[in-house]
Amino acid sequence: MDLNYFYTFKEVVRSGSYTQTAEELGYAQSSVTTQIKKLEEHYQVKLFERVGRNMRLTQSGEQLYDYVKGIIKLADEAEEQLRNDSNLRGTVRIGTVESLAAYFITPYIKSLKQKHPELRILFESGLCPNLIEGTMNGTYDIAILLDRLQKHPGLTTIPIRQEEMVLIAPPHHPLTKLNEVTLKKLETETLILTEEGCSYRVLLEQLLREEEVQAKSIISFSSLEAIKQCVADDLGIALLPRIAVERDVQSGKVVALPFQQNEIKIYTQVVYQKNKWISPPLKQFISLLEE
């Protein structure tokens, strides 16, 4: 059995699409279809069933997937352990949140890619709960979170740094005249929040409930750029990491309010499965983040 068939099979499971798998792996779609058919012929089972536009594992497919994950893990470990050259190959899968992807991580990805040009890096963004789940089920080798420090029993957590959170408002907003902005002051404001499940939205909403504060209205966006533009256009105020708003504050597009909440402690952190073998490229990447 060609080991590449297993890699293709795993990618179809991850993406749920022959077309996307072909794009990710650089194959023709017909090649992906052929490889899956050969697996089905070899094991004499049906591996996938179509649900809408996506492919879903059958019961037999789920059984094979459990074995394939172990086979690929061992194959990747063997390749990394036995390879002597300095230009590392293979694939690393990294998940992170949008704010870190846009304003923090890319220079480290670039540095790793420059050191190992043949290394294949799959880099995806998502919400912290989904990233944790993806790390636990093997979708990601590691995840870089922006959240409270994780104490998950199945994860190893490496803190990188605490991130400062900033409440931003449009220039000339009445709250900019205050020496301190308290939670109570937010009752008359429109809050522009990230999507539900975002770590710092969860913490802010928790604090508001504890103080029995209800904002006048709430607007939600998944895009940080959209949130910042709405604030600049005087549609409301928003709580975002300083790394995401630093340039906007410096340019005068928005203003950082004197808002101090020690309860909102958010950390950039690396997480991965406790029993996971960390390949040399991932070790180098984590070391870059820790420097």
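Hydrogens, waters and symmetry mates play no part in the numbers below; they use all other heavy atoms, side chains included.
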Tell me every residue that passes side-chain contact (heavy atoms from CB on, under 4.5 Å) with Thr34, counting only those two or more places apart in sequence or in another chain. Lys38

Donor-acceptor pair, side chain of [X] and main chain of [Y], under 3.5 angstrom:
{"X": "Ser31", "Y": "Tyr27", "answer": "no"}
{"X": "Gln150", "Y": "Arg148", "answer": "yes"}
{"X": "Glu211", "Y": "Leu183", "answer": "no"}
{"X": "Thr58", "Y": "Lys46", "answer": "yes"}

Suppose we screen for salt bridge (Lys or Arg N to Asp or Glu O under 4.0 Å). Which residues come up paired with Glu133, at least two apart in sequence or across chains? none

For Glu124, which residues count as a salt bridge (Lys or Arg N to Asp or Glu O under 4.0 Å) partner, sequence neighbours excluded? Arg14

According to side chain to side chain donor-acceptor pair (under 3.5 Å), who are the partners of Ser15, at least two apart in sequence or on a separate chain? Thr21

All pairs passing side chain to side chain donor-acceptor pair (under 3.5 Å) where residues 184-195 contributes a residue, at least two apart: His173-Glu189, Lys184-Glu187, Thr190-Ser217

Minimum side-chain heavy-atom gap Gln229-Lys253 below 4.5 Å: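 Yes, at least one pair of side-chain atoms sits under 4.5 Å.
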
Within residues 28-70 or reaching into it, pairs that qualify as ring-ring contact (aromatic ring centres under 6.0 Å, His included) - sequence neighbours excluded: Phe9-Phe48

Answer yes if the side chains of Gln29 and Thr19 hold a donor-acceptor pair under 3.5 Å, and no otherwise. yes

